Amino acid sequence: MSKEISKRYNPTETEPKWLKFWEKEGIYKYNPRAKGEVFSIDTPPPTVSGKMHIGHVYSYTHEDFIARYQKMAGRNVLFPFGTDDNGLPTERLVEKLKKVRASKMKRQDFIDLCNETLKEITPDFVADWKKIGMSCDFSRVYSTIDDDCRRTSQKFFIDLYKKQKVYRQDAPVVWCPHCQTAIAQAELEDKEAETYFNDIVFELPTNLPAGSKKNNLVIATTRPELLSSCVAIFVHPSDKRYRNLVGKKAQVPIFGNRVEIISDKKVDMKKGSGAVMCCTFGDKTDVEWFKEYKLTLAMSLDKAGRMTEKAKKYAGLSAKDARHEIIEDLKKKKLLIGQKKITHTLNVHERCKTEVEILNSEQWYVRVLDQKKKLIQLGEEIKWHPEFMQTRLGNWIKGLNWDWCISRQRFFGIPFPVWYCVKCGEAKMADEKDLPVDPLSANPKGKCEKCGGSKFIPEHDVMDTWATSSLSPVLALHLFYKEKDVEKMIPMNLRPQAHDIISTWLFYTVVRSNYHFEKIPWTEVMISGHVLDSAGRKMSKSLGNVVAPQEILEKYGADALRFWAAGRSLGQNINFSEEEIQAGKKFLTKLWNATRFVMMNINPRDLRANEKRIGTNSLYPTDKWILAELEVLVATATKSFENYDYSSSKLAIEKFFWLKLADNYIEIVKNRLYDESPKGKKGRESAQFTLYSVLFTLLRLLAPFIPFASEEIYQTFFKSAKCAKSIHLCGWPETDKKLADKEKIKTGKIIVEIVAAMRKHKAERGLSMKAELEKVEIFCDAMTKKAIQEIESDLKAVGNIRKINFIAKKNSKLRIAIQ
RNA sequence: GGGCGCGUAGCUCAGUUGGUUAGAGCAUCUGUCUUACAAACAGAGGGUCAGAGGUUCGAGUCCUCUCGCGCCCACCA
């Protein structure tokens, strides 16, 4: 071995080298016809959003551990890659990068700008995924806005239409006034806010039944600006205070219109005054009442969140300003008789944190509410890792209140392949062979199927990005398979993802797979947790605790980051800790040094030539011990990986390497390696053979976690004797039951115990570990004595002991006395 | 209010189907230049396993309740 091999492993120098090598050699290319059972992964296409963040590192490395393991275990791994780059997130990014506002630009100019911007930034964005060592096949990637995805997305939309699983309806929908589009239930977030509960006086008609004391009705509301939308007042049926008012009318203050007082059990008698104004629309209950009692529609807010003509003198004001003015006016008229400060939770749009409204508008919906039972059942058919994550999907489905709204009044997305007949309004779908199509620039073929009309207007809306990414199994498979073969590959083997998008991406994919293929999209899912800051708080720009993985990569390299990411079990959140990443780097140095030391004392070619002669049978008992331990390790690591439990695998490997191999075994046998005399040949060769095979096995066990360092070590020290061109093609170690010798494991425990006793003896006396020990007395039973005698020479060497005395007695526990 | 997860050494976490004296890393202290590694190595101290009941010969592990933390959902008049 050449002397210039450095003492310290330098990841930042090494990693780019192997990245290039893997790409050049096509190590991770997928070949559908290659041998081995296919293992297909529905990789999450990251949203192109500037830069990869630390949360990406965490969950993507998890799936990479599994992909690499599966590949080494002989499966033909399909590990595709794509990017999700349309819809609101992309629009927002482009607006920010290019300092433009989509709403102030010509539609087509903005779309062109989005496409250009994506072209500029995507390569750098994807490069980060390569840098962390993802073993995806990057030679073909999809983007959810590319031609093929647009075609696929539109094709499957038409499929939904034909199957009547998608419908268009003019109805109340959750609306973001900032983004000016409808959004889906899954895109809502909670936000705590302070507001006032206002007690407002509604005048009652004068012709009240005899005995009525009051001539007005007080209603508490947080949203006085919606007074002009008030279409009814609700009270509880058993509320004695208002019983005689049911069926009567009350006058809306300021606006003067009269609304009916209705009784309904949804009213909470204890809240406010017990009487509620129903506005179209203030909240979900209003929608329910609107539908149930067929109330009139009175929308006071427009799509931009400004007051409409309905609000008369307040028209044109923002909701916030209108609230202020109305309160002032009510005060003047002495119709506001109380204000109470409260904190309540309201729904905001997750993308822009704007308070959402409910507006009536025409949207496309995918049916999900009538499928709840079936969808829950499909969720149960999938095997979940960890299991408890399945409950989250079940709970989400149970709690759904709206069908899945997929239309967005936006610009950069996949258009609906739809026109509407001017005469009868019937939707007309595009011809499949014309896809992808933009209805704004193309015309439909043929006449209206319903009325025979020949004039059409195009659909302006685009689809929500989830409506395309929910087809990711198809998008990914289509990179490598012909369209007609795609369905045969479903269900895929694995969907990996983080827990935050169970109610969106995971759920929607199940919905689509059910409608299009009538089966689950994958047989197993693995769900990763999140990365929190070192104090366990969410990372956010406002807290200033965001960690950029790019800096960590530069400082410690990808392997150290990956090693850190493997440290917590699947599904658990992890706190970011630079110390733990440092520990990973230390592990790499230690591994490098241990290998370097071993290989300085071994000539792999000689070893190979003498392999048969040395064999495993004639090995020293100490050597059989470490091989037995290694067998246990391989079995554990394999079992854990098969169960997606990479963290147990990593922990076991780490402990074996550091505690058993480096701290003990190598220390014990190094004396045999140094002995170059003819007499020491047998012992030397036995240790060499053992060390070489242990390290090569260990290296393969570690390869999924630290692909760069394991490759560097393989290429530097092992490749001449082994044939594969990369460690990642060397295969997963096989277990060899012959070596799993339980007796030798017991012997090993005894060795470690005796060595520890000698070390303690020397440490307590401040002696060098090399210091000679005159005599060591061992109290034990006859069986143990026999076992120790087999390894006596190794023990004497490592402890520099002159003499070992045995005091063997029946049932005597092992005890060591040192002089 | 409902669901899920978590609570083990100063910190971050392991702890298989219940079974010897509850483990590791980091941190702390002490020692050692030892022909892989001083950014190393060896050793030490440090735990009522959140709390209370229960099942059991035996509970960190199983059951019930309580408390604390986190996430998701609901409530938003």
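Predicted model, so just to flag it, every value in this text is computed and none were measured. By convention in this document, chain letters (A, B, ...) are assigned in the order of the sequence lines, proteins followed by strands, and residues within each chain are numbered from 1.
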Name each donor-acceptor pair under 3.5 Å that joins a side chain in residues 583-590 of chain A to protein atoms two or more places apart or in another chain, with its distance.
unit_1   : atom_1 : unit_2   : atom_2 : d
A:Thr589 : OG1    : A:Lys585 : O      : 3.2

Strand-adjacent residues in residues 388-397 of chain A, judged by heavy atoms under 4.0 Å from RNA chain B: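 Of all residues in residues 388-397 of chain A, the ones placing a heavy atom under 4.0 Å from RNA chain B are A:Phe388, A:Thr391, A:Asn395, A:Trp396.
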
Which ones in residues 260-273 of chain A lie close to RNA chain B, meaning a heavy atom under 4.0 Å from one of its atoms?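 Here the set is A:Val267, A:Asp268, A:Lys271.
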
Given B:rC71, B:rA74, B:rC76, the nucleotide with the shortest approach to the side chain of A:His499: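 Among B:rC71, B:rA74, B:rC76, the one nearest the side chain of A:His499 is B:rC71.
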
Please tell me which of the listed nucleotides, B:rA42, B:rA74, B:rA77, lies nearest to the side chain of A:Lys284?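 My answer, after comparing the listed nucleotides, is B:rA74.
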
With the sugar-phosphate defined as primed atoms, P, OP1 and OP2, and the base as all remaining atoms, what B/S/- string results for nucleotides 9-20 of chain B, 5' to 3', for protein heavy atoms under 4.0 Å? ---SSS------

Integer-rounded Å distance: B:rC73 P and A:Leu346 CG: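 Taking atom P of B:rC73 as the reference, CG of A:Leu346 is at 14 Å.
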
A:Ile668 CD1 to B:rC41 P, straight-line distance once rounded to whole Å: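 So the two atoms are 16 Å apart, to the nearest Å.
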
For A:Glu578, salt bridge (charged side-chain N to carboxylate O under 4.0 Å, His left out) partners two or more places apart: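 Here the qualifying residues are A:Lys555.
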
How far, in whole Å, is [M] from [N] if one measures between their [atom1] atoms?
{"N": "B:rU64", "M": "B:rG5", "atom1": "P", "value": "13 Å"}
{"N": "B:rA42", "M": "B:rA27", "atom1": "P", "value": "15 Å"}
{"N": "B:rA40", "M": "B:rC6", "atom1": "P", "value": "34 Å"}
{"N": "B:rG68", "M": "B:rG58", "atom1": "C1'", "value": "30 Å"}
{"N": "B:rC11", "M": "B:rG2", "atom1": "C1'", "value": "34 Å"}
{"N": "B:rG7", "M": "B:rA52", "atom1": "C1'", "value": "16 Å"}

Less than 3.5 Å apart, which donor and acceptor atoms pair up between the side chains of residues 531-538 of chain A and the rest of the protein, not counting sequence neighbours?
unit_1   : atom_1 : unit_2   : atom_2 : d
A:Asp533 : OD1    : A:Ala535 : N      : 2.9
A:Asp533 : OD1    : A:Gly536 : N      : 2.9
A:Asp533 : OD1    : A:Arg537 : N      : 2.7
A:Asp533 : OD2    : A:Arg537 : NE     : 2.9
A:Asp533 : OD2    : A:Arg537 : NH2    : 2.8
A:Asp533 : OD2    : A:Asn545 : ND2    : 2.9

All ring pair (Phe, Tyr, Trp, His ring centres under 6.0 Å) counterparts of A:Tyr556, not counting sequence neighbours: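 Once residues adjacent in sequence are excluded, A:Tyr556 has no partner under the ring pair (Phe, Tyr, Trp, His ring centres under 6.0 Å) criterion.
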
Does A:His530 have any ring pair (Phe, Tyr, Trp, His ring centres under 6.0 Å) partners at least two apart in sequence or in another chain, and if so, which?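 By the ring pair (Phe, Tyr, Trp, His ring centres under 6.0 Å) rule, A:His530 matches A:His499.
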
Report each atom pair, protein N/O against N/O of nucleotides 33-37 of chain B, whose distance is under 3.5 angstrom.
unit_1 : atom_1 : unit_2   : atom_2 : d
B:rA36 : OP1    : A:Lys670 : NZ     : 3.3
B:rA36 : OP1    : A:Tyr674 : OH     : 3.1
B:rA36 : OP2    : A:Tyr674 : OH     : 2.5
B:rA36 : O2'    : A:Asn593 : OD1    : 3.4
B:rA36 : O2'    : A:Arg596 : NH2    : 2.6
B:rA36 : N6     : A:Ala662 : O      : 3.4
B:rA36 : N6     : A:Glu667 : OE2    : 3.2
B:rA36 : N3     : A:Asn593 : O      : 3.4
B:rA36 : N3     : A:Ala594 : N      : 3.2
B:rC37 : OP1    : A:Lys7   : NZ     : 3.4
B:rC37 : O2     : A:Lys590 : NZ     : 3.2
B:rC37 : N3     : A:Lys590 : NZ     : 3.2

With salt bridge (charged side-chain N to carboxylate O under 4.0 Å, His left out) as the rule and sequence neighbours excluded, what pairs involving residues 656-669 of chain A come up?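 For residues 656-669 of chain A: A:Glu629-A:Lys660, A:Glu667-A:Lys670.
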
Table please: side-chain donor-acceptor pairs of residues 269-286 of chain A below 3.5 Å, with sequence neighbours left out.
unit_1   : atom_1 : unit_2   : atom_2 : d
A:Ser273 : OG     : A:Val218 : O      : 2.5
A:Ser273 : OG     : A:Ala275 : N      : 3.3
A:Thr280 : OG1    : A:Ala298 : N      : 2.8
A:Thr280 : OG1    : A:Ala298 : O      : 3.1
A:Asp283 : OD1    : A:Thr285 : N      : 3.0
A:Asp283 : OD1    : A:Asp286 : N      : 3.0
A:Asp286 : OD2    : A:Cys279 : N      : 3.4
A:Asp286 : OD2    : A:Gly282 : N      : 2.8
A:Asp286 : OD2    : A:Asp283 : N      : 3.2

Let me check something: any side-chain donor-acceptor pairs from residues 647-659 of chain A under 3.5 Å, sequence neighbours excluded? List them with distances.
unit_1   : atom_1 : unit_2   : atom_2 : d
A:Ser647 : OG     : A:Asp645 : OD1    : 3.3
A:Ser648 : OG     : A:Asp645 : OD1    : 3.1
A:Ser648 : OG     : A:Asp645 : OD2    : 2.6
A:Lys650 : NZ     : A:Glu654 : OE1    : 3.4

Ring centre gap for A:Trp404 and A:Phe507 strictly below 6.0 Å: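 No, the ring centres sit 6.0 Å or more apart.
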
